[in-house]
Amino acid sequence: MKKYRTHTCNELNIKNNNEVVLLSGWINKKRDHGNLLFLDLRDNYGITQCVIDNKNQLFNKIEKIPLETVVQFEGKVVKREKETINKELNSGEIEIKITDFKILGTTKELPLPVFSDQEYSEEIRLKYRFLDLRRAKIHKNINLRSKVISYIRKEMENLGFLEYQTPILTSSSPEGARDFLVPSRLNPGKFYALPQAPQQFKQLIMVSGFDKYFQIAPCFRDEDARADRSPGEFYQLDIEMSFVNQNDIFEVVEKLLNNVFEKFSNKKIQNQKFPKITYFDSMLKYGTDKPDLRNPLEICDLTKIFNREDVKFELFKKLVSEGSIVRAIITKDTNTKPRSFFDNIDKWAKDEGSSGLAYFTLEKEDNKISGKGPIGKFFSPEACQEIMKISNAEIGDSIFFACGQKKDVEKLLSLARDKIAKDLNIIDQNLFAFCWIVDYPMYETDDKTGKIKFSHNPFSMPQGDINTLNLNNPLDIKAYQYDIVCNGIELSSGAIRNHIPDLMYKLFALAGYNKKAVENKFSGMINALSYGAPPHGGIAPGIDRIVMLLANEKNIREVTMFPLNQNAQDLMMNAPSSVEDDQLKELNINITKKE
RNA sequence: GGGGGUGUAGCUCAGUUGGUUAGAGCGAUCGCCUGUCACGCGAUAGGUCGCGGGUUCGAGUCCCGUCACUCCCGCCA
């Protein structure tokens, strides 16, 4: 017989009746009837009920074993009476009649119960993560993550990709997120940086003649956390391909994501062929470049309505004449909604820091169209008709208006789409709605300086004929730059890269970098592209967010084994921590105390 | 860096208008109980009400400050 177990806690059933077995695991739960004791033994695989009564001399000892003690039970598999079968358990038709036991690992009093559906504070969960991870739901999530990653590896290999590793200690990059720095002992005063992504390396891999690269790549960015964004590190499915255009990459990723989401979730995929939405359209229709397409609400621009003589809403008219825009969300058949529905939304908008959302509902009486609601009276029948024409609104629909600067209106209405859809309960929770956001602008204007800057990755290839590219209107240049969005969550962004050094110098010049500055900052990259670089491009879907969607979790810590908290601390391992003076000395580092 | 929420027993929470000795469930300890699977019943222990200051005859409750956790904004090419 094996030393610790002959079976796991999930595999015994009626076929094993009368077998003598050894099981090892944790005491999940005890039900002590005084002279009869049930113990649920748990391991990674499941639960098996073990039983002992007071005729056995071990009874008094086993009765006293605390929950979460690691024990080994020897016993006989016994068929349960029909009325005592537990259909919740795979092993529910049998139980183990204990004949012997051994304690393999004792426990102190638990700081949090393992067997419970209660929620616990993050602090206690992260401090005792090893206990938290024993709990059923998160244990399952972590195993799901493992299976997803393993499946992705196989799929990528089937699609002809090979996994290549890239350095963890690399150089600090001037653009992008804050770097994590690592001091160099052998090069005093100099620092490595942890990679924000293997961006340059994967391009170098293409230049090196490897054709299809992928990696489950750790990425490190020293930025503040969000619910869907771990501080410190996260993982990307990093992909790069040579001799491809945008559609070649879309094809690979659509195939992969369809397979992954079909295999690991029962939810439906809205469109197997992901719709392509231009950045411009997305900002107009959804107010964001990560729209939740499960939400049927759309935004339309009604600015020109407020230039009409027969619209008397002077507040908006004045703002429009001063350069503001007006956009609106139409809600279908909301004429029956109570006043409180509208007021709640207006109040919500004010809480968001805006001046609120004006609204009215379209009505028809005696063949005359009118607006009902606080600002309805300001619109003539003809103006209402014009609004209906532009927005596809119908009688019975309501219109929520926002007026202001473009950026503010987009932001407010983007949030309002979510808020209103939630209130109306019109989001299909049983759906994955993927889309591509394409045609990102190459440049944008810096809000603070007013200067032209790269809006995304400076290494992206501009669209159009590169020989006749009009560089005089940089804000009009679009890039082969794209994002994947699913249910309003940005899953990844990618691009066809610019592999032509001359073009790159020109593009950098528009953003204010002269040739020397580019060579200084990106010497490795530019140098490599100067020796025969293939056209190439790629993408990098976020693994953590994919698993979040599959596990139906809203917080990334629910799918991360050992996450940092919001202040980027590991409460279990006590990281980050102070180090010995000797260590600092060796690294030529002085700490200046923060005041 | 800014805004919101939370902080009361080991854990999850309740605590009225400021008023006597701060409660419940789970867990722990002890006792009873032979078919439970959230077993049941009884008892006991367990509290710097995050911390500091203030107002008050009196503060878990009101005010100010501070810390921790969390959500959001900024940030994340």
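In the text below, chain A, chain B and the rest are named by the order of the sequence lines, each starting its count at 1. Computed from a predicted structure; not experimentally measured.
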Give the rounded distance in Å between these two atoms: CD1 of A/I124 and C1' of B/G10. 8 Å
Give a yes-or-no answer on whether the side chains of A/S172 and A/D179 include a donor-acceptor pair shorter than 3.5 Å. yes
Taking B/C13 as the reference, what is the distance to B/U44 when you measure between their C1' atoms (whole Å, please)? 22 Å
Whole angstroms only, please: what is the CG-C1' distance between A/D32 and B/C37? 14 Å
Less than 6.0 Å separating the ring centroids of A/Y505 and A/Y513? no
What's the gap between B/G46 and B/C57 when it is taken at their P atoms, as a whole Å value? 34 Å
Using the C1' atom as the point on both nucleotides, what is the distance between B/G47 and B/A24, in whole Å? 15 Å
Figure out the NZ/C1' separation between A/K108 and B/C11, and round it to whole Å. 16 Å
Side-chain heavy-atom pair A/L510, A/Y443 within 4.5 angstrom cut-off: yes
Rounding to an integer number of Å, can you tell me how far A/E119 CD sits from B/U6 P? 17 Å
From the candidates B/G74, B/U34, B/C69, the one with an atom nearest any side-chain atom of A/L36 is B/U34
Atom pair distance, as rounded to whole Å: CG in A/L126 and C1' in B/A68: 13 Å
Closer than 4.0 angstrom, basic N to acidic O: yes or no for A/R545 and A/D228? yes
Applying side-chain hydrogen bond (donor to acceptor under 3.5 Å, both in side chains), can you list everything that pairs with A/Q199, at least two apart in sequence or on another chain? A/Q203
With sugar-phosphate meaning primed atoms plus P, OP1 and OP2, does A/P458 contact a base, only sugar-phosphate, or nothing at under 4.0 Å between heavy atoms? base
Report the distance from atom CD of A/E88 to atom C1' of B/U36, rounded to the nearest whole Å. 14 Å
Ignoring backbone atoms, establish whether A/R221 has a side-chain N or O less than 4.0 Å from OP1 or OP2 of B/A77. yes
Below 30° counts as parallel, above 60° as perpendicular, anything between as tilted: where do the rings of A/Y482 and A/F250 land? perpendicular
Could you work out the separation of B/G50 and B/A22 based on their P atoms and round it to a whole Å? 15 Å
NA contact type, A/F38, heavy-atom cut-off 4.0 Å: base, sugar-phosphate, or nothing? base
Identify which nucleotide among B/C37, B/G10, B/C33 has an atom closest to any side-chain atom of A/P111, counting heavy atoms from C-beta outward. B/G10
Scoring nucleotides 23-31 of chain B by protein non-hydrogen atoms under 4.0 Å (B base, S sugar-phosphate only, - none) yields --B-BS---
Using a cut-off of strictly less than 4.0 Å, decide whether A/N567 has a side-chain nitrogen or oxygen near OP1 or OP2 of B/C69. yes
Selected nucleotide, minimal atom distance to A/Y120 side chain, candidates B/U12, B/U70, B/C76: B/U12
State, with a plain yes or no, whether a side-chain heavy atom of A/M525 is found less than 4.5 Å away from one of A/Q200. yes
Determine the contact category for A/R557: base if any of its heavy atoms lies under 4.0 Å from a base atom, sugar-phosphate if only primed atoms, P, OP1 or OP2 are that close, otherwise nothing. sugar-phosphate
Nearest-nucleotide pick for A/D224, side chain only, options being B/G74, B/C69, B/C71: B/G74
Provide the distance between the two C1' atoms, one in B/C11 and one in B/A38, to the nearest whole Å. 16 Å
Write out the stems for RNA chain B, ordered by first number and formatted as range with range, counting runs of at least 3 consecutive Watson-Crick or G-U wobble pairs under 3.5 Å. B:1-7 with B:67-73, B:10-13 with B:23-26, B:28-32 with B:40-44, B:50-54 with B:62-66
What is the minimum heavy-atom distance between A/D439 and A/K478, and which atoms define it? O-CD, 3.3 Å
Presence of A/R226 side-chain N/O under 4.0 Å of B/C75 phosphate oxygens OP1/OP2: no
Applying a 4.0 Å non-hydrogen cut-off, can you work out what A/T84 is touching in the nucleic acid: base, sugar-phosphate, or nothing? base
Roughly how far apart, to the nearest Å, are B/U16 and B/G23 at atom P? 14 Å
Quiz question: going by heavy-atom distance under 3.5 Å, is there a donor-acceptor pair between the base of B/C11 and the side chain of A/R125? no
How far does the C1' atom of B/C26 sit from the matching atom of B/A59, given to the nearest Å? 30 Å
Of the nucleotides B/C76, B/U34, B/C39, which one has an atom closest to the side chain of A/R31? B/C39
Out of B/C37, B/U70, B/U34, which nucleotide sits closest to the side chain of A/Q566? B/U70
Would the base of B/U36 count as contacting A/Q49 through its side chain, where contact means a donor and an acceptor less than 3.5 Å apart? yes
Using the rule given for side-chain contact (heavy atoms from CB on, under 4.5 Å), can you reason through A/E558 versus A/I138, listing the C-alpha separation, both sets of side-chain angles and the distance that settles it, and then say yes or no? CA-CA 6 Å; A/E558 300 299 329; A/I138 190 164; 4.2 Å; yes
Under 4.0 angstrom, heavy atoms only, what part of the nucleic acid is A/K55 near: base, sugar-phosphate, or nothing? base
Describe the nucleic acid contact of A/N555 in one word from base, sugar-phosphate, nothing, applying a heavy-atom distance below 4.0 Å. sugar-phosphate
Round to the nearest Å and state the distance from A/I47 atom CD1 to B/U36 atom P. 18 Å
Apply salt bridge (charged side-chain N to carboxylate O under 4.0 Å, His left out) to residues A/D132 and A/R125 and explain how you reach the verdict. CA-CA 6 Å; A/D132 189 38; A/R125 290 183 63 189; 2.8 Å; yes
Please report the C-alpha distance between A/F220 and A/F180 in whole Å, then the side-chain angles of each, then the deciding distance to 0.1 Å, and finally whether the ring-ring contact (aromatic ring centres under 6.0 Å, His included) criterion is met. CA-CA 7 Å; A/F220 306 91; A/F180 280 103; 7.0 Å; no
Could you tell me whether A/R229 and A/D224 have a side-chain N and a carboxylate O separated by less than 4.0 Å? no
Earlier contact from the 5' end, RNA chain B, for A/E81 and A/F454: A/E81
Hey, does A/Q199 reach any base, or is it just sugar-phosphate, or nothing, if we go heavy atoms under 4.0 Å? base
In this structure, how many angstroms lie between the C1' atom of B/C75 and the CD atom of A/Q196, rounded? 12 Å
For A/H33 and B/C39, is the gap between ring centres under 5.5 Å while the planes differ by less than 30°? yes
B/C62 and B/G18: how far apart are their C1' atoms, nearest whole angstrom? 8 Å
Let's see if you can work this out: which of B/U36, B/A77, B/C75 has an atom nearest to the side-chain heavy atoms of A/H456? B/A77
For A/D418, is there an ion pair with A/K422 - N to carboxylate O distance below 4.0 angstrom? no
Could you please name the option among B/G35, B/C33, B/U70 that lies closest to any side-chain atom of A/N565? B/U70
At 4.0 Å (heavy atoms only), tell me whether A/E95 reaches a base, stays on the sugar-phosphate, or touches nothing. base
For A/L37, report the nucleic acid contact type (base, sugar-phosphate, nothing); a contact means any heavy atom under 4.0 Å. nothing
